[in-house]
Amino acid sequence: MPFYHKLGEIPKKRHTQFHKPNGGGLYREEVMGLEGFSGIQSLLYHHFLPPRIKEVALLGGAKPEYADFGAIRHRAFRSAELPAGGDPVAARRILLGNNDVTLGLSRPTKSMDYFYRNAQAYECWFTHEGQGVLHSQFGRLDFGPGDYIVIPFGTTWQMELSSSEARFFVVETPSHIEAPRRYLNDYGQLLEHAPYSERDIRVPQELETFADRGDFEVRVKVRDAISQHILDHHPLDVIGWDGYLYPWIFNINDYEPRTGALHLPPPTHQTFKGRGFVLCSFVPRLFDYHPDAIPAPYNHSNVQSDEVIYYAEGDFMSRRGIDRCDITLHPFGLPHGPQPGATEASIGKKKTDELAVMVDTFHPLNITTEALEFEKTEYQASWMEEDGEASFFTAG
Ligand SMILES: [Fe+2]
């Protein structure tokens, strides 16, 4: 999905002299690439030497602490009640994770007053509530509700909130976050049958270049720890760049849902892929149109996949006992499907207004000790309830 983009001033040929005006010396070129010069990359031109760091300190570990899963069962978590406060990075709490991906929530109430760089993972911030600007070396990206903000490894960024609060569902992976290969042609272009096109990808359009001197803090996440770097210059000192590596945004409301005569499986909703997981978007859409169709899903044993759903908006007539901002985990090892009465209740329904993000992992997810505080322990028992409002959710 990444495509070539450039902003600002760059020399005609790479790796050549690029002079500052009025004899100010050379701009400093940085090749920033993934997979050791074999993956996507960008070339950046800085005012200051990129390795120039005044002070370094270790701030502490950043490894999630996992609890024993216990007996295999379906789990649900009430993320609406997660405490709010702090800046977006500091407010992030990881709830689930394995070696391929971590899933967390962030409810910040203020902008960042430092810069951040995750050197060990891609990050994808699904903006459920709030708005603001992602400032990075690559320029500014304005974001708002529904935006998936995708930030590659190594990007130095700072999030500014223009709302008093925000709520993000955050995915972090030590792999790329990109479009599934089946959406792309041999040239990397999104195909006609893909559920979105390049027009829906928002890329930095305005470069912000600072040549200020002074102390600036950058927190670097790598080796499962946070290092603090104090620079003697502004970290967003790029005068120009070009390449394929940069942050971008895709809004969930730009996802073009597919519908069919009969219930279509979750891959129909796939938005991105990473190593060992897929991310799907469930958006408002029409239901199946076969006269005998059942809009609710069939029971399924996703034998090799743990399924996580973040319920963002809509009528969760869906799952019984599920509220806005809840997260369910349907692990492999036991089947799941509509709760009692839900299949019948879905018959004849014409459309859904649900909005949800699903992450299916191909290896089991662990639950953090912190997530246990927000668990809805009665969730597994919901399949035993014969009374109550019948409900269904098309993904679950
Ligand atoms: Fe499912």
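First listed ligand is number 1; within each ligand, the first listed atom is number 1.
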Q) N/O/S of His336 less than 2.8 Å from the Fe ion (ligand 1)? A) yes
Q: Starting from the Fe ion (ligand 1), look over the N/O/S atoms of His300 and name the nearest one.
A: NE2
Q. Looking at Glu307, which of its N, O or S atoms is the nearest one to the Fe ion (ligand 1)?
A. OE1
Scan the side chains in residues 76-89 for donor-acceptor partners under 3.5 Å anywhere in the protein, sequence neighbours excluded, and list what turns up.
unit_1: Ser79; atom_1: OG; unit_2: Cys325; atom_2: O; d: 2.4
unit_1: Asp87; atom_1: OD1; unit_2: Val89; atom_2: N; d: 3.0
unit_1: Asp87; atom_1: OD1; unit_2: Ala90; atom_2: N; d: 2.9
unit_1: Asp87; atom_1: OD1; unit_2: Tyr114; atom_2: OH; d: 2.8
unit_1: Asp87; atom_1: OD2; unit_2: Tyr114; atom_2: OH; d: 3.1

Q) Should the pair Asp147-Arg202 be classified as a salt bridge under the 4.0 Å nitrogen-to-oxygen rule? A) yes
Q | SB check Lys221 Glu172 (cutoff 4.0 Å) | A | yes
Q: Could you tell me whether Arg285 and Asp353 make a salt bridge, using a distance below 4.0 angstrom between a side-chain N and a carboxylate O?
A: no
